[in-house]
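Here the structure comes first, spelled out in structure tokens, and everything after it is commentary.
Bear in mind the structure is a predicted one, so any value in this text is a computation, not a measurement.
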Amino acid sequence: MEGNKSMKILVDADACPVKDIIEEVASAFKLRVLMFIDTSHILYSDYSEIIPVSKAPDAVDFALINRTEAGDIVVTQDYGVAAMALGRRAFAIHPAGKVYDDSNIEQMLMERDLAKELRRSRERIGGRPKKRTYQDDERFQAAFVQLCRKASEGTSTTGEDGD
């Protein structure tokens, strides 16, 4: 598969459970991968460029977004980071395989803020997150491959070609 030479994949890697899948798919598409971690984490890779940043709050998020350009792919669990990536006309995907786009990000941000308010008021909202399964990895890989194809073809984040 021939990759878009300027396009890259940026990963919020501190707690990312799909780093190996990202590298496998990126290698097939011949795409550059930048993995951002804070200095309290250690990460090695033969494929990706590892970018350690300060442990300051949101330092990884801002370093990642500052390197994001239109057409890049951002892998993050953080809806705020996803929204900023979309604002830069990049693609964004959650490690569970959910592709963030202009049609769903506002709802996700609103739900995040509501959950935050409930936590502040000490309301109980749900239990522990479910353990990651093989099916979660398969779902992410399928969505990620499709997104890499779309990004390599130059399709926009809104689903329209070009600007």
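The line from OG1 of T68 to CG of L34 is 8.5 Å long, rounded to the nearest 0.5 Å. Between the CD1 atom of I73 and the CD1 atom of I9 there is a distance of 5.0 Å, given to the nearest 0.5 Å. Rounded to the nearest 0.5 Å, atoms OG (S152) and CG (L147) are 9.0 Å apart.
Side-chain atoms of Y47 do not come within 3.5 Å of backbone N or O of I22 as any donor-acceptor pair. Formation of a donor-acceptor pair under 3.5 Å by the K150 side chain with backbone atoms of V145 is not found in this model. Between the Y100 side chain and the T76 main chain, a donor and an acceptor come within less than 3.5 Å of each other. Looking at D72, its side chain does come within 3.5 Å of a backbone N or O of K8 through a donor-acceptor pair.
Among residues two or more places apart in sequence or in another chain, the side-chain hydrogen bond (donor to acceptor under 3.5 Å, both in side chains) test is passed with R139 by D136. For Y134, the side-chain hydrogen bond (donor to acceptor under 3.5 Å, both in side chains) partners two or more places apart in sequence, or in a different chain, are E138. Residues passing the ring-ring contact (aromatic ring centres under 6.0 Å, His included) test with F36, sequence neighbours excluded: none. Residues that satisfy the side-chain hydrogen bond (donor to acceptor under 3.5 Å, both in side chains) test with E24, not counting sequence neighbours, are Q141.
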What donor-acceptor contacts under 3.5 angstrom involve side-chain atoms of residues 13-20, with partners at least two apart or in another chain?
unit_1, atom_1, unit_2, atom_2, d
D14, OD1, D38, N, 2.9
D14, OD1, H41, ND1, 3.3
K19, NZ, A13, O, 3.3
K19, NZ, C16, O, 2.8

Could you pull out all donor-acceptor pairs under 3.5 Å where a side-chain atom in residues 49-61 meets a protein atom, sequence neighbours excluded?
unit_1, atom_1, unit_2, atom_2, d
E49, OE1, R32, NH2, 3.2
S54, OG, A56, N, 2.9

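Side-chain contact between D101 and F91 is absent, with no heavy-atom pair separated by less than 4.5 Å. Between F140 and I93 there is a side-chain heavy-atom pair separated by less than 4.5 Å. The closest side-chain heavy-atom distance from L64 to F62 is not below 4.5 Å. Contact annotation: the side chain of L10 never approaches that of V75 to less than 4.5 Å [non-hydrogen atoms, C-beta and beyond].
Contact detail for N66 and R88: the closest heavy-atom pair is OD1-NH2, 4.1 Å. When all heavy atoms of M35 and S48 are compared, the closest pair comes out as CE-OG, 3.6 Å. The minimum heavy-atom distance between P95 and R132, with the atom names listed, is O-NH2, 2.7 Å.
Salt bridge R89/E69: absent, no basic N to carboxylate O contact under 4.0 Å.
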